[in-house]
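Heads up: the structure comes next, in structure tokens.
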Protein chains: 2
Amino acid sequence: MFSKSCKYAMRAVLYLALNGNEEKKLGVKEIADELNVPKHFLAKLLQQLSKNQLISSTKGPSGGFYLNDQNKETSLRKVVETIDGPEVFNTCILGLPVCSSENPCPLHFKALEYREGLLEVVEGKKIEELARRIKDENLTI
Amino acid sequence: MFSKSCKYAMRAVLYLALNGNEEKKLGVKEIADELNVPKHFLAKLLQQLSKNQLISSTKGPSGGFYLNDQNKETSLRKVVETIDGPEVFNTCILGLPVCSSENPCPLHFKALEYREGLLEVVEGKKIEELARRIKDENLTI
DNA sequence: GTAATAAAAGACAAAAAGGTCTTTTATTAT
DNA sequence: ATAATAAAAGACCTTTTTGTCTTTTATTAC
Ligand code: FES
Ligand code: FES
């Protein structure tokens, strides 16, 4: 479904929400180690998210990545859209050049429904709320 | 969602259902040209499907690919599973090494629902039925 | 202002996916 | 039998994705 990059990015954002805050910024090393993800590769993803203001960062000693209040309000959907591009949610499931109800493929209408489901998966909750649930229900990231 | 290979394969199977039959076998060239898909690349996909008995083929003059009665009964799900592997339907959406309700990721339960939706998209109808709908409703493949 | 720190940036390398071309094998029509 | 045909098989190339390593830039603590 989503690219590996995208999955790494989503998990990293959740890790930030769970383990860091404006006072306790986290370095790439920690995040990468904890999530078992290639460090330098993750670094680039975080830079990309940072550039797109989905996460925040500061350089230098005691610097690192963190989520500011605005960042916590975003959904994983935005993460997906920044890393994999917004088209992941509206390309034809059969690979036709355009997906439209005017010129639909045989799976189009069913696919629309399923897409709703997928959107809800990544858009249903804010990062903040997800983090709370992860804590409360002891989930894995 | 699905790989390019997989999309090519699904469309090719539908094309076979629509335009060919045991008496009128179709060559790779025709299919590739009509679907705008790289010919030799498609050839390999068709071979793979053939080997897995999702489609049928014969060599030599007036040979080609076609669907026998059994083939028409299958669903696109089998095509997907042959080309992309069965795991596309049960890997963790966050990329965790295992997806299970015992050790779920934060998106797991929502993801299960969406997966149902996806399965229905590719499993809801037999090839045969899909072909009929494509004809009746003048859909694009 | 200097040294240490950590992100940003960029150059490369490896692996996987996607794509092309050629040779071999089976089939069939003559 | 022979020639023509079309799938099967396999060698090879290209692009994209994933991953590594090094250098630069900004920040902060001293
Ligand atoms: S046209 Fe294929 S999913 Fe919309
Ligand atoms: S554990 Fe992540 S989707 Fe099941």
Side-chain angles (χ1 to χ4, degrees), chain A residues 1-12 16 20 22-33 35-68 71 80 82-85 87-88 91 95, chain B residues 1-12 16 20 22-33 35-68 71 80 82-85 87-88 91 95:
Chain A
M1 176 67 255
F2 301 129
S3 70
K4 236 165 164 178
S5 297
C6 186
K7 292 168 178 172
Y8 291 163
M10 288 192 283
R11 292 172 65 211
L16 285 176
E22 194 131 9
E23 280 73 48
K24 190 192 168 209
K25 294 163 190 161
L26 306 180
V28 199
K29 183 164 180 357
E30 169 181 347
I31 309 175
D33 285 353
L35 298 183
N36 259 288
V37 151
K39 178 175 140 187
H40 296 287
F41 191 62
L42 179 60
K44 306 216 159 163
L45 297 171
L46 294 177
Q47 282 170 35
Q48 218 181 321
L49 293 177
S50 181
K51 219 181 298 180
N52 286 274
Q53 315 191 354
L54 297 180
I55 68 178
S56 310
S57 72
T58 59
K59 292 185 179 181
S62 86
F65 294 94
Y66 64 98
L67 303 184
N68 64 24
N71 298 151
V80 172
T82 0
I83 304 295
D84 278 355
E87 61 281 6
V88 289
T91 55
Chain B
M1 176 67 254
F2 302 130
S3 69
K4 236 164 165 179
S5 298
C6 187
K7 291 167 178 174
Y8 291 163
M10 289 192 282
R11 292 173 63 213
L16 285 175
E22 193 131 11
E23 280 74 48
K24 189 191 169 207
K25 294 161 191 162
L26 307 179
V28 199
K29 183 164 182 357
E30 168 180 348
I31 309 175
D33 285 354
L35 298 183
N36 259 288
V37 151
K39 179 175 139 187
H40 295 287
F41 191 63
L42 179 60
K44 305 215 159 163
L45 297 171
L46 293 177
Q47 282 169 35
Q48 218 182 321
L49 293 176
S50 181
K51 220 180 297 180
N52 286 273
Q53 314 191 356
L54 297 179
I55 67 177
S56 310
S57 71
T58 60
K59 293 184 179 180
S62 86
F65 294 94
Y66 63 99
L67 303 184
N68 65 23
N71 298 151
V80 173
T82 318
I83 304 295
D84 278 355
E87 62 280 8
V88 289
T91 55

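So you know, we letter chains A, B, ... as the sequences are listed, proteins then strands, and number each from 1.
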Separation of atom CG in A:Asp84 from atom P in D:dT16, rounded to whole Å: 16 Å
Integer-rounded Å distance: D:dA7 P and B:Lys25 NZ: 11 Å
Atom-to-atom span, NZ of A:Lys39 to C1' of C:dA7 - whole angstrom: 11 Å
Any B:Ser62 side-chain N or O less than 4.0 Å from OP1/OP2 of D:dT5: no
Heavy-atom distance under 4.5 Å between the side chains of B:Phe2 and B:Val80, does that happen here? yes
Nucleotide nearest B:Pro38 when distance is taken to its side chain, options C:dG19, C:dA7, C:dG18: C:dG19
With DNA chain D as reference, determine whether B:Lys44 or B:Gly27 sits nearer its 5' end, using the nearest nucleotide of each. B:Gly27
Rounded interatomic separation in angstrom, taking CZ from A:Phe65 and P from C:dA8: 4 Å
Pairing donors with acceptors under 3.5 angstrom, does anything connect the side chains of A:Thr82 and A:Asn52? no
Taking the side chain of A:Pro61 as its heavy atoms from C-beta onward, which of D:dT27, C:dT20, D:dA4 lies nearest to it? D:dT27
Could you tell me how far apart B:His40 (NE2) and D:dA11 (P) are, to the nearest whole angstrom? 16 Å
In whole Å, I'd like the distance from the CD atom of A:Gln48 to the C1' atom of C:dA8. 13 Å
Output yes when at least one side-chain N/O atom of B:Ser5 is less than 4.0 Å from OP1 or OP2 of C:dG18, else no. yes
Sugar-phosphate only, base, or nothing, as touched by B:Leu45 at under 4.0 Å among non-hydrogen atoms: nothing
Under-4.0 Å side-chain N/O to phosphate OP1/OP2 contact, B:Ser57 with D:dA7: no
Which nucleotide in the set C:dT22, C:dA8, D:dT20 lies at the smallest distance from any side-chain heavy atom of A:Lys59? C:dA8
Test item: A:Phe41 and A:Lys4 side chains (from C-beta on) under 4.5 Å apart, heavy atoms: no
Using the closest heavy atom to pick a nucleotide of DNA chain D for each, name whichever of A:Gly60 or B:Ser50 lands nearer the 5' end. B:Ser50
Rounded distance in Å - NZ (B:Lys7) to P (C:dA17): 14 Å
Hey, are the side chains of A:Val37 and A:Ile31 touching, using non-hydrogen atoms and a 4.5 Å cut-off? no
Taking only side-chain N and O atoms of B:Tyr8, does any of them lie within less than 4.0 angstrom of OP1 or OP2 on C:dG19? yes
B:Gln47, nearest nucleotide to its side chain (from C:dG19, C:dA8, D:dA9): D:dA9
Between CZ of A:Phe41 and C1' of D:dT22 the distance, given in whole Å, is 18 Å
Does D:dG19 have its OP1 or OP2 closer than 4.0 Å to a side-chain nitrogen or oxygen of A:Lys4? yes
Minimum side-chain heavy-atom gap A:Glu30-A:Asp33 below 4.5 Å: no
Within 45° cone and under 6.0 Å: B:Lys25 NZ/CZ vs B:Tyr66 ring: yes
With sugar-phosphate meaning primed atoms plus P, OP1 and OP2, does A:Leu42 contact a base, only sugar-phosphate, or nothing at under 4.0 Å between heavy atoms? nothing
